[in-house]
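Notes follow the structure.
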2 protein chains.
Amino acid sequence: MSYARAVTATRPRPNRGEAGAALVVAARRLFAEQGYRATTTRQIAAEAGVSHALLRYHFSSKEGLRDAVDEDVLGSFGQAVGTAVEEGVAPGTLAEAGRATALVFGADPDRRRYLRRVLVDGDDRSSALLGRLVTGAENEIDRLVTDPDSLSAEDRRWAAYQVLFLILGPLLLEPSLEVVLGGDPFEPSVLAARSAANQRLLQRGLFDPR
Amino acid sequence: MSYARAVTATRPRPNRGEAGAALVVAARRLFAEQGYRATTTRQIAAEAGVSHALLRYHFSSKEGLRDAVDEDVLGSFGQAVGTAVEEGVAPGTLAEAGRATALVFGADPDRRRYLRRVLVDGDDRSSALLGRLVTGAENEIDRLVTDPDSLSAEDRRWAAYQVLFLILGPLLLEPSLEVVLGGDPFEPSVLAARSAANQRLLQRGLFDPR
DNA sequence: TCCCTTCCTGTCCATATGGACAGGAAGGGT
DNA sequence: ACCCTTCCTGTCCATATGGACAGGAAGGGA
């Protein structure tokens, strides 16, 4: 559809009711599970129990619906990060980072997997999210690594990315990781063991004997 | 297409000529850039300079073509890993891991990005590849971390994944990372700095002053 | 009662896409 | 000259998909 055409104007309805919310929930799950492109508007509507034409009424288009899901997921994500940071009242330990991760990623599988899709899609939304994450990680590093001699400027620069990759790795690889591990990578006990191992790596590396 | 139908038998031609190779190259690039689903057979044929019907002749179907690309990329990947491992004649240092990474990921952007797609797709091919990578990393860890006291059994188990996440992170996030870094994450000097930082992290953690 | 807004459905449409198929050109063997 | 195999193209087809649109039900205000 590249040429202009007279179409019925359909701006997004700001106040959606039950059906609108159901569409967002269904889309969140299906986008997270199958990806945006592989999910059809009819699938979403069927799962939400409404006609697929209603999607256009509430959200103008499939993309409009994705925007709504983005808002939902990225909003609650930001909120969870905020909560986690606040909880770490006594900063200075890496345990906080572990707790924060659990809080943010453990909660809702759909939201977690949707986040994965956003990061993996490789579009503007991905780099925007990654940018936020990098900034957050850089602040953490500056706050935690206080000794100016423990890292060169270059290594300090990469430290934020290293922490991020350790945390995001399981998120990005979740589906295959589940197969390789033979179980849910975000099951609380698994997540705890992984976080502990991460803390010890960041603390002492792999070779330092206890 | 769920019901049986009489169709012309078209088994994959084992010996493809120039055109077949051109199709593989084009598909490799386009799948890597846009993903399998988002790439149309007509796009591939156009880039290869042949009719889109030829695809079916040589590869039976779009999936058949993907199988051929898989073989190409995963084959050359396995070979590169082999070379890198052989090159590390004097094992025991982590420098080897750095060189191996460069060799494997630095070579061909198309192949690198295709590898990313395979890992991110989340299907059987993903878990198979990840399984191979985990096994390789576990062997490296066993070979490099000889002191039985430096890691608990649990931490040792996770060490392979940690190393993997540090290496795969930039691969999985390449498109957004390029935006955030403001440059190619696999440019040799960037890769070298990152590898060096990784080695120091694995050696001493983030907090140990030099 | 009449109208207006809001929410929703059934249905039609244009397009994109993977695949099916008939046939043609080229080259080699007999 | 004739045929057979290999490689390739033009073209048709069924289907899936996002979107467009007309109209209907419900509820509330006048």
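What you see is a predicted model, and the numbers here were worked out from it, not measured in a lab. Proteins get letters first, then strands, A, B, ... in listed order; numbering begins at 1 in each.
Listed by residue number, S61(A), K62(A) are the residues of residues 61-74 of chain A with a heavy-atom contact under 4.0 Å to DNA chain D. For the contact set between residues 23-32 of chain B and DNA chain D, defined by any heavy atom under 4.0 Å, there are no members.
Residue V50(A) comes nearest to A19(A) through the heavy atom pair CG1-CB, 4.1 Å, listed as atom of the first residue, atom of the second, then distance. Of all non-hydrogen atoms in V190(A) and P185(A), the two that sit nearest each other are CG1-O, 3.7 Å. Residues V69(B) and A27(B) share a closest heavy-atom pair of CG2-CB, 3.9 Å.
Residues R157(B) and E138(B) are not paired through a salt bridge, judged by the lack of any N-O separation under 4.0 Å between the basic side chain and the carboxylate.
Put simply, T41(B) has no side-chain N or O that comes within less than 4.0 Å of OP1 or OP2 on dT17(C).
L55(A) places its CG atom 15 Å from the P atom of dC7(C), with the value rounded to the nearest Å. In this entry the distance linking OH of Y36(A) with P of dT17(D) reads 13 Å, nearest Å. I44(B) places its CD1 atom 11 Å from the P atom of dT17(C), with the value rounded to the nearest Å.
A search for salt bridge (charged side-chain N to carboxylate O under 4.0 Å, His left out) contacts involving E178(A) returns nothing, not counting sequence neighbours. For F165(A), the ring-ring contact (aromatic ring centres under 6.0 Å, His included) test picks out no residue, with sequence neighbours left out. Take A196(B) and apply the side chain to side chain contact (heavy atoms under 4.5 Å, CB included) test, not counting sequence neighbours, and it matches R200(B). Residues meeting the salt bridge (charged side-chain N to carboxylate O under 4.0 Å, His left out) test with D70(B), sequence neighbours left out: R125(B). Every residue meeting the salt bridge (charged side-chain N to carboxylate O under 4.0 Å, His left out) condition with R111(A), not counting sequence neighbours, appears here in chain and number order: D72(A), D108(A). Residues satisfying the ring-ring contact (aromatic ring centres under 6.0 Å, His included) test with Y161(A), not counting sequence neighbours, are W158(A). Partners of F31(B) under the ring-ring contact (aromatic ring centres under 6.0 Å, His included) rule, at least two apart in sequence or in another chain, are Y36(B). A search for salt bridge (charged side-chain N to carboxylate O under 4.0 Å, His left out) contacts involving D184(B) returns nothing, not counting sequence neighbours.
For DNA chain D, if you chain together Watson-Crick or G-U pairs that step i with j, i+1 with j-1 and so on, the runs of at least three with distances under 3.5 Å are C:1-30 with D:1-30.
A donor-acceptor contact shorter than 3.5 Å links the side chain of T39(B) to the backbone of L30(B).
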Heteroatom pairs (N/O) under 3.5 angstrom, protein to nucleotides 8-13 of chain D:
| residue | atom | partner | partner atom | Å |
| --- | --- | --- | --- | --- |
| dC8(D) | OP2 | H58(B) | NE2 | 2.8 |
| dT9(D) | OP2 | S51(B) | N | 2.8 |

